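Notes to accompany the following structure.
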Amino acid sequence: MRYSDFVIRIEDTDQSRKVEDAEKNLISTLEWAGIIPDESPLHGGNYGPYVQSQRLSIYRDYCTQLLEDKNAYYCFSTSEELEENRQLQLKQGLQPKYNRTWLPEEMGGNMPESEIRKKLDEGVPYVVRMKVPDYVSVWFEDLIRGPVEFDSSTIDDQVLMKSDGFPTYHFASVIDDHLMEFTHIIRGEEWLPSMPKHLLLYEFFGWEAPKFAHLPLLLNADRSKLSKRQGDVAVEDYIRKGFSPDAIVNFVALLGWNEGEGSEQEVFSMDELIQKFSLERVGRAGAVFNVEKLNWLEKQYIKTRPVERIVSAIKPLLLKELQEKPFEMPEERITSDAYLEQVVDLMRERVNYEHEFVTYSNYFFFEPESYDAEAVEKRWTSEIPGLLREFASVLESSEDFGAEAIEAALKAFVAPKGLKPAVLIHPLRIATSGVGFGPSLYHMLEVLGKETVIRRVQRGIERIGQSA
RNA sequence: GGCCCCAUCGACUAGUGGUUAGGUCAUCACCCUUUCAAGGUGGUAGCACGGGUUCGAAUCCCGUUGGGGUCACCA
């Protein structure tokens with residue numbers, strides 16, 4: 001069942017802030033997350049164009065209407081004059097507000113019509129401002145916050161059309177939301193203070209306003225509005241780190257929303273979210289973006305993701321690595337699905353991101369370049385090389401190189417000598433992987449294969465030697 | 001500063017007048033164990049404060065404090 005349409009409209013009314021490819025990146029990031037627009041500049045739709053800079057004539061027409069209805073007026077004040085006025089008001093302890101120099105006489109101001117005509121005829125650049133009525137109460141019911149009320153006397157005569165002929169966000173968005181028949185505006189709480197301006201515009205045009213929901217803000221650790229300068233903010237930053245769409249979507253959904261009614265579920269698929277999400281269950285307080293829980297969620301998904309999916313995701317990464325670094329084992333073998341599936345199964349509970357199946361598990365593909373000094377220090381004693389050499393020849397002659405067989409062989413080897421398996425287990429791990437941690441040793445050796453294991457043990461002995 | 005929003009463990013939150021205030025992440029301890037993880041068990045930790053309303057307030061009302069947002073020819 002289809003509940004709604006999701007429309008992307010590009011609000012590019014500030015020419016000075018144009019960013020190359022921003023629009024394409026935005027849409028592709030959403031698609032990465034599995035959020036596909038029904039209508040957008042790239043997807044088409046019946047309400048286009050979906051780019052505001054291509055709708056300029058529409059805004060001009062509606063602006064003319066407002067001007068004729070005396071709900072808006074021309075303003076020729078320069079930014080210097082505006083700034084001067086602001087400073088003056090500040091000095092007098094007043095709230096900075098446009099002083100309505102250019103409000104026409106017939107709208108209750110002091111500017112004669114002739115003066116305005118003159119400026120217009122001279123071609124002096126101007127701006128169009130909305131005439132905010134004095135002392136009226138503007139009220140609406142927010143879907144998340146309930147009733148909110150404003151006094152119009154606290155709001156400024158908002159600029160609707162800029163001197164470059166482009167509309168401001170406030171003007172363009174109201175017009176487009178109406179023309180595109182939006183039923184719900186769901187946006188960040190930072191927009192709440194501009195509600196009265198928007199509501200007044202709907203009133204001027206005689207349009208029914210859509211439903212509004214102002215979402216709680218995402219916060220930095222210090223509880224300020226999430227921003228650059230304080231770590232990663234853009235989804236792209238998290239993509240780059242290796243987070244999956246599953247985890248990101250799940251995590252963000254939980255920031256401000258919860259299923260409620262005693263539910264203790266933390267992991268939600270996109271389908272579940274679509275089915276269960278509701279604005280009624282969105283909280284009102286801002287939520288700190290805490291990466292630790294995101295990390296945990298990512299691991300949850302890695303643990304349960306079908307092995308084939310992981311394999312196909314990591315294979316390109318591996319192929320690239322193999323091109324850049326020398327490797328010892330046959331390429332067909334280590335790039336085969338069967339081999340990779342074994343690696344994934346051994347490592348999936350130990351990695352944080354998918355790309356770590358290649359990087360963190362590099363010894364499944366490359367011979368160790370070095371041996372962890374701390375582990376060597378702790379586990380590599382002077383008798384180890386001898387024992388290892390001896391055990392290697394045991395392995396050499398064994399026909400079964402399965403994990404269980406290796407385990408049995410090691411125990412049988414070590415027992416008569418009165419040694420514990422651990423004495424050999426750790427050095428074997430160091431010699432074959434280069435590090436002191438990892439999956440079950442026996443299973444790891446089985447996956448690496450007899451030839452590789454024996455070769456690496458010999459190389460390890462040569463390179464680590466009696467050093468410890 | 002004006003206006004607006006908000007307020008339960010360190011973080012995300014459940015809770016809608018009567019609960020030993022629950023869960024998740026993080027953290028600590030223990031167990032499991034060849035390492036690292038994963039897993040299991042248990043623990044530390046919270047209703048900002050003050051007034052009301054009520055037999056009874058985390059829950060309702062008022063105030064205080066605190067935090068945030070916003071006050072552009074930016075969105």
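Order of the sequence lines sets the chain letters (A, B, ...), proteins ahead of strands, with each chain counted from 1. Note that the structure is predicted; figures quoted are calculated from it, not measured.
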Set of ring pair (Phe, Tyr, Trp, His ring centres under 6.0 Å) partners for Tyr442(A), sequence neighbours left out | none

Just how far, in rounded Å, is P of C4(B) from CG of Asp151(A)?
-> 8 Å

Hey, are the side chains of Phe357(A) and Ile302(A) touching, using non-hydrogen atoms and a 4.5 Å cut-off?
-> yes

Assigned partner base of G18(B), Watson-Crick or wobble definition, under 3.5 Å = C55(B)

For Ser194(A), side-chain hydrogen bond (donor to acceptor under 3.5 Å, both in side chains) partners two or more places apart = none

Who is the Watson-Crick or G-U wobble partner of C71(B), with both distances under 3.5 Å?
-> G1(B)

Give every residue pair that meets the ring-ring contact (aromatic ring centres under 6.0 Å, His included) criterion with at least one member in residues 77-97 of chain A, sequence neighbours excluded.
-> none

For Ser269(A), all residues meeting side chain to side chain contact (heavy atoms under 4.5 Å, CB included), sequence neighbours excluded | Asp271(A), Glu272(A)

Pair listing, salt bridge (Lys or Arg N to Asp or Glu O under 4.0 Å) test, anchored in residues 433-446 of chain A, at least two apart = none

What salt bridge (Lys or Arg N to Asp or Glu O under 4.0 Å) pairs are there with at least one residue in residues 343-352 of chain A, not counting sequence neighbours?
-> Asp345(A)-Arg348(A)

Show the distances under 3.5 angstrom between N or O atoms of the protein and N or O atoms of nucleotides 39-46 of chain B.
{"unit_1": "G39(B)", "atom_1": "OP1", "unit_2": "Lys303(A)", "atom_2": "NZ", "d": "2.8"}

Can you pull every protein N or O that's under 3.5 Å from an N or O on nucleotides 71-73 of chain B?
{"unit_1": "A72(B)", "atom_1": "OP2", "unit_2": "Arg86(A)", "atom_2": "NH1", "d": "3.3"}
{"unit_1": "C73(B)", "atom_1": "O2", "unit_2": "Ser163(A)", "atom_2": "N", "d": "2.8"}
{"unit_1": "C73(B)", "atom_1": "O2", "unit_2": "Ser163(A)", "atom_2": "OG", "d": "2.7"}
{"unit_1": "C73(B)", "atom_1": "N3", "unit_2": "Ser163(A)", "atom_2": "OG", "d": "3.0"}

Options C3(B), U34(B), A37(B), nucleotide nearest the side-chain atoms of Phe150(A) = C3(B)

Can you run down the side-chain hydrogen bond (donor to acceptor under 3.5 Å, both in side chains) pairs that involve residues 275-286 of chain A, sequence neighbours left out, and say none if there aren't any?
-> Asn258(A)-Arg281(A), Glu259(A)-Lys276(A), Gln265(A)-Lys276(A)

Which base, if any, makes a Watson-Crick or G-U wobble pair with C36(B), both distances under 3.5 Å?
-> none

With sequence neighbours left out, which residue pairs that include part of residues 125-139 of chain A fulfil the salt bridge (Lys or Arg N to Asp or Glu O under 4.0 Å) condition?
-> Arg100(A)-Asp134(A)

Is there any protein nitrogen or oxygen under 3.5 Å from a nitrogen or oxygen in nucleotides 6-9 of chain B, and what are the pairs?
none

Who passes side chain to side chain contact (heavy atoms under 4.5 Å, CB included) against Ala409(A), sequence neighbours left out?
-> Phe391(A)

